Amino acid sequence: LDSEAKALRFFDAFLRHRVKAARIRIHGDLHLGQVLYTGKDYVVIDFDGGRDRSLTERRRKRTALRDVAGMIRSFHSGAFSVLFGSETVRPEDRAPLRPWAEHWQAWTSAAFLRAYDEATHGAPFIPPDRPGLSLLLESLIVERAFLDLKQDLERRQGISIPLHALVHTLRL
């Protein structure tokens, strides 16, 4: 809460920069739980877009980077849910393992982004300028972290993972 003003300043650049990219229909809830490995390839499942939203909302065209942000948040959640999981990692081992969780999350996110960039380079739904792409993607990652925080609060679950993502992404 002490960093509220700094967190809000994060969005100043987004408000000043016009991002140009076509909107398309997207998955809407892409995360690691929606990806299956068949033994030879990966398959994305569950294109319903979330049953808690209306059909009109699910059909709305959005930036493709919203799904990319969901996957990056999923890498973060996967690494840190194992690290903070009470039955998986002993409390005294969490501090020494934290840099490894951060490294794994950063590496998998970078590999995913690199492959996504190669597959979609020049597509009309990707901002053509790198600053616009970075700005939009970071904003969507922050938005997704806030949504995860809201869901965890509603479910009365631990909130340390989405808070960690917000502190890291907002550079608080």
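Note: hydrogens, waters and symmetry copies are ignored here, and every other heavy atom, side chains too, is used. Note that this is a predicted model, so its numbers are computed, not measured. Just so you know, residue 1 is the first one in the sequence shown, and it goes up from there.
- A 4.5 Å side-chain heavy-atom check between W107 and F75 finds every atom pair outside the cut-off.
- Applying the side chain to side chain donor-acceptor pair (under 3.5 Å) test to pairs two or more places apart or on separate chains, those with a residue in residues 63-73 are R66-E143, R73-H76, R73-S77, R73-D148.
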Open item on the list: As a quick check of understanding, evaluate side chain to side chain contact (heavy atoms under 4.5 Å, CB included) for F84 and V89, giving each step before the final call.
Closed with: CA-CA 7 Å; F84 296 139; V89 177; over 6 Å; no
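- Surrounding CD of E92 are more than 12 heavy atoms belonging to other residues, nucleotides or ligands, all under 6.0 Å away.
- With contacts defined as side-chain heavy-atom distances shorter than 4.5 Å, the pair R62/I24 does not qualify.
- Evaluation of the salt bridge (charged side-chain N to carboxylate O under 4.0 Å, His left out) test over residues 31-41, restricted to residues two or more places apart or in two chains, returns none.
- A salt bridge (charged side-chain N to carboxylate O under 4.0 Å, His left out) check over residues 14-27, counting only residues at least two apart or in different chains, returns nothing.
- In terms of the side-chain contact (heavy atoms from CB on, under 4.5 Å) criterion, residue partners of K150 (sequence neighbours excluded) are, by chain and number, E154.
- The two atoms that bring P99 and P96 nearest to each other are CD-O, 3.4 Å, heavy atoms only.
- When side chains are defined from C-beta on, L83 does not count as touching T88, because their heavy atoms never get closer than 4.5 Å.
- A donor-acceptor distance shorter than 3.5 angstrom exists from the side chain of T108 to the backbone of Q105, with no hydrogens or angles considered.
- Of all the heavy atoms in A145 and P162, the pair that sits closest is O-CB, 3.7 Å.
- Side-chain contact between L65 and I126 is present, with heavy atoms from C-beta onward closer than 4.5 Å.
- Taking F146 as the reference, nothing meets the ring-ring contact (aromatic ring centres under 6.0 Å, His included) condition, with sequence neighbours excluded.
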Task: Criterion side chain to side chain contact (heavy atoms under 4.5 Å, CB included) on S160 and F80, from CA distance to verdict - done: CA-CA 9 Å; S160 59; F80 285 91; over 6 Å; no
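- Rounding to the nearest 0.5 angstrom, the gap separating the CZ atom in R90 from the CG atom in L97 is 9.5 Å.
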- [ ] Kindly indicate, with the supporting measurements, whether the criterion side chain to side chain contact (heavy atoms under 4.5 Å, CB included) is fulfilled by Q34 and D29.
- [x] CA-CA 8 Å; Q34 307 286 18; D29 187 29; 3.4 Å; yes
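- In this structure, the separation between OG on S109 and CD1 on I141 is 7.0 Å, given to the nearest 0.5 Å.
- Partners of Y42 by side-chain contact (heavy atoms from CB on, under 4.5 Å), not counting sequence neighbours, listed by chain and number: V35, Y37.
- Minimum heavy-atom separation, L32 to S74: N-OG, 2.9 Å.
- Applying the side-chain contact (heavy atoms from CB on, under 4.5 Å) criterion to L135, with sequence neighbours excluded, gives A13, F14, H17.
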Open item on the list: For E138 and F10: C-alpha separation, side-chain torsions, deciding distance, then whether side chain to side chain contact (heavy atoms under 4.5 Å, CB included) applies.
Closed with: CA-CA 10 Å; E138 279 192 340; F10 174 84; 3.8 Å; yes
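- The salt bridge (charged side-chain N to carboxylate O under 4.0 Å, His left out) pairs that include a residue from residues 101-130 are R98-E102, D117-R130, where partners are two or more places apart or lie in different chains.
- If you chain together ILVMFWY residues whose side-chain heavy atoms come under 4.5 Å of each other, L36 ends up grouped with V43, I45.
- Contact check for I161 versus S81: side-chain heavy atoms found under the 4.5 Å cut-off.
- Under a hydrophobic-cluster definition in which Ile, Leu, Val, Met, Phe, Trp and Tyr are linked whenever side-chain heavy atoms come within less than 4.5 Å, directly or via other members, L170 and V167 are assigned to the same cluster.
- With contacts defined as side-chain heavy-atom distances shorter than 4.5 Å, the pair F112/V68 qualifies.
- Counting only residues at least two apart or in different chains, ring-ring contact (aromatic ring centres under 6.0 Å, His included) contacts with residues 114-143 are absent.
- Here R60 pairs with E57 under the salt bridge (Lys or Arg N to Asp or Glu O under 4.0 Å) rule; sequence neighbours left out.
- Tracing side-chain contacts under 4.5 Å through hydrophobic residues (I, L, V, M, F, W, Y), one never reaches L140 starting from L147; they form parts of separate clusters.
- Residues forming a side-chain contact (heavy atoms from CB on, under 4.5 Å) with A21 (at least two apart in sequence, or on another chain): P127.
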